Q: 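Below is the structure I would like to discuss, written out as structure tokens.
In each ligand, atom 1 is the first atom listed, and ligand 1 is the first ligand listed. One is the number of the first residue; the rest follow in order along the sequence. Being a predicted model, the structure only gives us computed values, none of them experimental.
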Amino acid sequence: MSKALGTALVGGGTGFIGSHLCNALKSQGYGVTVISRMPGPQRMTWNDLNRVGLPEGTTAVINLAGQNVLDMKQRWNAGFKQNVFNSRVNTTSSLAKAISNAQNKPSVFVSISGVGIYKADKVREYDEASVEPEFDFFSRLCHEWEKAAKLPKGPTRQVTIRSGVVLGRNGGMIKQLYLPFFCGLGGPVMPGDQYLPWIHIEDLTGLILFALKNDKVEGTLNGVAPQNVTNKEFSDAFAKALRRPAFFPVPKFVLNVLLSEERANMLTEGQKVLPKRTMSLGFQYKYPDIASACQQVVTKE
Ligand SMILES: NC(=O)c1ccc[n+]([C@@H]2O[C@H](COP(=O)([O-])OP(=O)(O)OC[C@H]3O[C@@H](n4cnc5c(N)ncnc54)[C@H](OP(=O)(O)O)[C@@H]3O)[C@@H](O)[C@H]2O)c1
């Protein structure tokens, strides 16, 4: 563990975003402890956290835990929705509670939320100041998730990142799309003109590090790239990066059948989200446009 930076405690640090973040934290000199449902070296479980609180020397806490919503093997029923909800809200409130109870408090708590807090619309533009009352399951989830992360006034800065779809080779949406697009069988989700708020994985982890390191960063940030694209524009860019066509649109009714309509709406509808505060605080994107992000994603490392 670096004496200067201390330990970063990462809920969901075994996942797609979490493992990427843990590598970035280690390369910056942080010690890293992951909270996982599975015990292991350099890990603690959620039960350990509830029992003993934050590990000694924790200077930063980040929560990236959450049951995969788009897991096709899981039926969209009340039980699964409860898992989706609890895996985000309960883990976040456990961390907030552990921070409140800690004698030596960390300097920063970053937790993730989603752009599902904004209602899908083809015209409206949302920035971090946009206030939207709850309107469906996902918006209620985001509201409760963000509420769970709130801390009483104290020395710990609290930052919420409302992330768009995260683009990276080894997880999330790209993992599902890579094979069909690689085989030339890719195409947009219909109708195609719905917005797809997105961010490259390196920019999301970069934004989390930016929030850890900058004392002036507090409150809500939109974790999306500055270039807004539609689903069709994303599909075209991804297919182009792979040098394949994007001829095969995915009809809305197919996703409604496969995922059920409430969940399929995450793909068949979209929001135009601007990272206004993120940019005004001085965050610099490595991949601000979809072409460069898709190019990086298809490049073998
Ligand atoms: N990927 C995206 O495009 C995207 C976009 C917006 C927001 N987000 C949010 O960012 C977070 C991380 O996303 P990701 O793509 O990295 O997801 P991921 O790869 O599925 O990883 C999520 C992590 O959450 C933990 N987890 C899963 N089910 C859980 C449960 N029932 N209870 C407690 N922990 C559980 C798992 O850790 P263990 O198995 O080790 O316990 C896993 O490592 C999620 O909350 C997600 O909603 C993701």
Q: Between V166 and ligand 1, does any nitrogen or oxygen pair lie at a separation below 3.5 Å?
A: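 Yes - when backbone and side-chain N and O of V166 are compared with those of ligand 1, one distance drops under 3.5 Å.
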Q: With a distance cut-off below 6.0 Å to the six-membered ring centre and an angular limit of 45° from the axis, does K122 pair with Y195 as a cation-pi contact?
A: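 Judged by the rule (NZ or CZ under 6.0 Å from the ring centre, within 45° of its axis), K122 is not positioned above Y195.
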Q: Specify whether the nearest protein heavy atom to atom 17 (O) of ligand 1 is under 4.0 angstrom away.
A: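 Given the 4.0 Å cut-off, atom 17 (O) of ligand 1 does not count as touching protein heavy atoms.
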Q: Would you say W46 has any N or O atom under 3.5 Å from an N or O of ligand 1, going by distance alone?
A: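 No, no N or O pair falls under 3.5 Å.
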Q: Just go through G168, S94, S113 and tell me whose heavy atom is the nearest to atom 7 (C) of ligand 1.
A: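 Nearest option to atom 7 (C) of ligand 1, by heavy atoms: S113.
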Q: Does E261, at its CD atom, have more than 12 non-hydrogen atoms belonging to other residues, nucleotides or ligands within less than 6.0 Å?
A: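 Open: at most 12 neighbouring heavy atoms sit under 6.0 Å from CD of E261.
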Q: Is there a heavy atom in G223 that sits closer than 4.0 Å to ligand 1?
A: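 Not so, G223 does not reach ligand 1.
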Q: Tell me whether the guanidinium CZ or amine NZ of R75 lies under 6.0 angstrom from the six-membered ring centre of F80 and within 45° of its axis.
A: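 The answer is no, since R75 fails at least one limit relative to F80.
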Q: Does F138 come within less than 4.0 Å of ligand 1, judged by its heavy atoms?
A: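 No, F138 has no heavy atom closer than 4.0 Å to ligand 1.
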Q: Counting from 1, what ligand 1 atoms have a heavy atom of W145 closer than 4.0 Å?
A: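 Listed by number with element, the hits are 45 (O), 47 (O).
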Q: Suppose I only count heavy atoms of V165 and a 4.0 Å limit; which atoms of ligand 1 are within that range?
A: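 Answer, ordered by atom number: 3 (O).
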Q: Tell me whether Q67 has any N or O atom under 3.5 angstrom from an N or O of ligand 1.
A: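 Such a contact does occur with ligand 1.
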Q: Is the closest N or O pair between R88 and ligand 1 shorter than 3.5 Å?
A: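 The answer is yes, given that R88 and ligand 1 share an N or O pair closer than 3.5 Å.
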Q: What about A65: any of its N or O atoms under 3.5 Å from an N or O on ligand 1?
A: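 So ligand 1 has an N or O lying under 3.5 Å from an N or O of A65.
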Q: Tell me, please, whether F109 has R157 positioned over its six-membered ring: NZ or CZ under 6.0 Å from the ring centre and within 45 degrees of its axis?
A: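 Here R157 fails the 6.0 Å and 45° test against F109.
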Q: Any atom of ligand 1 sitting under 4.0 Å from a heavy atom of I112?
A: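 The answer is yes, since I112 has a heavy atom less than 4.0 Å from ligand 1.
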Q: Please say whether G15 places an N or O atom under 3.5 Å from an N or O atom belonging to ligand 1.
A: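 Yes, since at least one N or O of G15 sits under 3.5 Å from an N or O of ligand 1.
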Q: Verify the neighbour count for atom NZ of K150: are there more than 12 heavy atoms of other residues, nucleotides or ligands below 6.0 Å?
A: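 Yes - once you tally the heavy atoms of other residues, nucleotides and ligands closer than 6.0 Å, there are more than 12.
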Q: I'd like to check which ligand 1 atoms, numbered from 1 as shown, lie under 4.0 Å from a non-hydrogen atom of S36.
A: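 In order of number, 38 (P), 40 (O), 41 (O).
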Q: Nearest non-hydrogen contact with atom 48 (C) of ligand 1 belongs to which option: I17, N86, I161, I174?
A: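 Minimum heavy-atom distance to atom 48 (C) of ligand 1 goes to I17.
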Q: Looking only at distances, please establish whether an N/O atom of ligand 1 is found under 3.5 Å from an N/O atom of T91.
A: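 T91 vs ligand 1: no N/O contact under 3.5 Å.
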Q: So which of Q271, H143, R124 actually passes side-chain hydrogen bond (donor to acceptor under 3.5 Å, both in side chains) with E132?
A: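 Single side-chain hydrogen bond (donor to acceptor under 3.5 Å, both in side chains) partner of E132 among Q271, H143, R124: R124.
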Q: With only distance considered, is G66 within less than 3.5 Å of ligand 1 through an N or O on each side?
A: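 Yes, G66 has an N/O under 3.5 Å of an N/O on ligand 1.
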Q: Do E146 and S113 have side-chain N/O donor and acceptor atoms under 3.5 Å apart?
A: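 On atom types as modelled, these side chains qualify, holding a pair under 3.5 Å.
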Q: As a check for students: among S87, G11, G114, G116, identify the option with a heavy atom nearest to atom 30 (C) of ligand 1.
A: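 Comparing heavy atoms across S87, G11, G114, G116, the nearest one to atom 30 (C) of ligand 1 lies in S87.
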Q: Assess whether atom CG of N104 is packed by more than 12 heavy atoms of other residues, nucleotides or ligands within 6.0 Å.
A: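 Open.
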